[in-house]
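Just below is one structure, and these are the notes that go with it.
For reference, positions follow the sequence shown, starting with 1.
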Amino acid sequence: MNQNTTIQYNIKEVFNNNWLFFIIATQPILDIIAFFTFNNTVTIISFITRSIYLFIIVTYSFISVSKKRLYLLIMLPWILLSIIHLANSIRTSGGNILDDTRYLIIVMQLPISAIALTLYAREHTDATSQLEKGILTAVITIFISVILSLLTNTGKSTYETFGLNGWFTSPNAQSMILSTISPIALYISSKKNDIIYLFISLMIFILLFFNGTRACYYSLVAMLFVMLYILLTTSKENKNKCAIIITVIFIALTLGLYKYSASLTRANDVHKNAKAFKFKISKNLTRDEAHKIIRKSPLTKQMVDDLGFEWTYNNMKEHISAYNLTDNRLVKRMYAKYIYEHSDYLTKIVGFNHGEIEKYGMDLENDLTALYYYYGYLGSIVFIAYIIICAIQAIKLIIHKPKIIFGSKFVILCFTVVLTIGGAEYSGALLRKPNANIYLSAIIALLMNYIYVNSTGENNYEK
């Protein structure tokens, strides 16, 4: 073997052993760069960078797997959906599809990268380790950056005057990122030693407890209880009493200090905003009363101006309350409903051009609802089918190996997928945010690979 061949071999070896770790670990760094240089040019650069990452994941996984026909077959529904959606988008928008194409790439990153990573991990045993190390590194990077932002007073609050967000431009997306990567980071650290587990637990507690979003707080409570279950159900010879004590302490802190949490501050703010809507609302409103009340709220007043009073009244009359009239998410869903109802049948099947709602500045926040409106019946079926396949595989494994419910890794991965999909609808800013959904792709790949290994092997559930 000559020197050039040796160098090429070493470069390839280094790439193979680190490429997934690099992609996951550098995600927070890309977000921090975007925070300090946030403008249209940098947004485009950030989009291009993440698109390159996606291209590397899809193409290198394809090159590296042996079952290329299976790879393409599984990707086919997403390819067909994208082609049909864009073709219809051109038809309905007169060729104005740049924004819609960009948005489609962002949305499709989750399923196609999850599929690519899943198939790659089946044939490359080091993929799991790379993904897990990348996630743990991302958590540590986020924590360090948030602390530095506090020390230098250069960070951004989650809300106007409170909430620990740090050097990240989108508080909602950052909230969902933390909810997605914290459970697996907690689990990984529990397999190290007590000191590492204590420090990672402390980092996660600070990041989620003081973030300010209810999604982060509820996620923190849920993951701590799941970790306690995992630690208590681990076989006796592996049971870590110190880790159990640490987890119980953080559960007590999370619940006991709730009144000091930024999450409660946010809940009180929402309540105050609703109470500030002083217009008296009776149960049986006349059209004139409803008209006055709807125009009292800036959100619904804009709806009347954009969509007309008649449509707004007919669709909002069942939702007229102080809270709903100040609910930004509800109003955005109404805009999507209006556009969808005024679309032709083909558009309802494959979804409308994202620019149709963007022109109102009303991009939906609830992810699953957005997927239904933006990609229609067909898009919903494809996405639901993908989620159902994951669920079926997990259920089949439980049926064939009931003891898997005591497999700590299986439990934490299933919990994370359920938590994040629920959070995507409740909070949003996950399935349609490339800096957030890349982590969920990694989690799904880890889960599917775990199921595959335990379905083909014997007694692997503790590994």
Side-chain angles (χ1 to χ4, degrees), residues 27-38 43 46 138-183 185 202-224 250 253-255 257-274 276 299 323 326-330 332 363-367 419-420 422-437 439-440:
Q27 292 297 321
I29 296 172
L30 292 177
D31 290 334
I32 292 168
I33 292 171
F35 175 84
F36 282 107
T37 54
F38 191 72
T43 301
S46 177
V139 169
I140 295 170
T141 302
I142 291 170
F143 177 77
I144 291 172
S145 70
V146 168
I147 296 302
L148 288 175
S149 74
L150 276 175
L151 295 175
T152 57
N153 196 30
T154 54
K156 178 181 180 180
S157 299
T158 304
Y159 299 102
E160 287 186 13
T161 57
F162 63 91
L164 198 60
N165 185 66
W167 294 328
F168 300 96
T169 56
S170 173
N172 277 347
Q174 190 59 21
S175 168
M176 289 312 303
I177 286 171
L178 291 171
S179 297
T180 303
I181 62 179
S182 294
L202 181 60
M203 288 180 190
I204 289 171
F205 173 79
I206 291 171
L207 288 172
L208 275 72
F209 186 84
F210 294 104
N211 175 271
T213 63
R214 286 169 287 183
C216 267
Y217 180 81
Y218 297 146
S219 296
L220 177 61
V221 173
M223 77 178 69
L224 286 172
F250 278 109
L253 287 172
T254 302
L255 297 176
L257 298 177
Y258 175 65
K259 64 180 179 180
Y260 303 108
S261 71
S263 175
L264 180 60
T265 305
R266 173 57 179 166
N268 289 337
D269 265 15
V270 171
H271 184 64
K272 286 178 183 177
N273 288 338
L299 286 174
Y323 179 82
T326 57
D327 184 357
N328 195 43
R329 287 186 171 94
L330 174 61
K332 288 180 177 182
D363 188 17
L364 286 170
E365 293 187 35
N366 307 91
D367 279 336
L419 175 73
T420 51
E425 178 60 14
Y426 169 74
S427 180
L430 175 67
L431 302 183
R432 297 170 295 129
K433 293 287 186 179
N435 61 331
N437 68 37
Y439 295 110
L440 182 54

What closest approach, in Å, do [X] and [Y] show between heavy atoms, and which atom pair accounts for it?
{"X": "Glu365", "Y": "Asn172", "result": "OE1-ND2, 3.8 Å"}
{"X": "Arg329", "Y": "Tyr426", "result": "NE-O, 3.7 Å"}
{"X": "Phe35", "Y": "Lys156", "result": "CE1-CB, 3.8 Å"}

With Phe205, which residues qualify under ring pair (Phe, Tyr, Trp, His ring centres under 6.0 Å), at least two apart?
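For Phe205 the ring pair (Phe, Tyr, Trp, His ring centres under 6.0 Å) partners, ignoring immediate neighbours, are Phe209, Phe250.
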For a 4.5 angstrom cut-off between non-hydrogen side-chain atoms, does [X] reach [Y]?
{"X": "Asn435", "Y": "Leu30", "answer": "no"}
{"X": "Val139", "Y": "Phe143", "answer": "no"}
{"X": "Met176", "Y": "Tyr439", "answer": "no"}
{"X": "Ile142", "Y": "Asp31", "answer": "no"}
{"X": "Ile206", "Y": "Val146", "answer": "no"}

Side chain of [X], backbone of [Y]: donor and acceptor closer than 3.5 Å?
{"X": "Ser179", "Y": "Ser175", "value": "yes"}
{"X": "Asn211", "Y": "Cys216", "value": "no"}
{"X": "Arg432", "Y": "Asn437", "value": "no"}

In Å, rounded to the nearest 0.5 Å, how long is the span from [atom1] of [X] to [atom2] of [Y]?
{"X": "Leu430", "Y": "Thr180", "atom1": "CG", "atom2": "OG1", "answer": "4.5 Å"}
{"X": "Ile177", "Y": "Leu207", "atom1": "CD1", "atom2": "CG", "answer": "11.5 Å"}
{"X": "Leu164", "Y": "Leu208", "atom1": "CG", "atom2": "CG", "answer": "10.5 Å"}
{"X": "Leu178", "Y": "Met203", "atom1": "CG", "atom2": "CE", "answer": "13.0 Å"}
{"X": "Leu150", "Y": "Ile147", "atom1": "CG", "atom2": "CD1", "answer": "5.5 Å"}
{"X": "Leu220", "Y": "Ile204", "atom1": "CG", "atom2": "CD1", "answer": "8.5 Å"}

Holding to side-chain contact (heavy atoms from CB on, under 4.5 Å), I want the full list of residues that pass it with [X], two or more places apart in sequence or in another chain.
{"X": "Leu330", "value": "Met316, His319, Asn324, Asp327, Arg333, Met334"}
{"X": "Thr154", "value": "Ser149, Thr152, Trp167"}
{"X": "Leu419", "value": "Pro183, Ser219, Phe415"}
{"X": "Leu255", "value": "Tyr217, Val221, Phe225, Ile251"}

Only counting residues at least two apart or in another chain, list the ones meeting side chain to side chain donor-acceptor pair (under 3.5 Å) with Asn153.
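Per chain and number, Asn153 pairs via side chain to side chain donor-acceptor pair (under 3.5 Å) with no residue.
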Set of residues satisfying side chain to side chain donor-acceptor pair (under 3.5 Å) with respect to Asn165, sequence neighbours excluded:
none
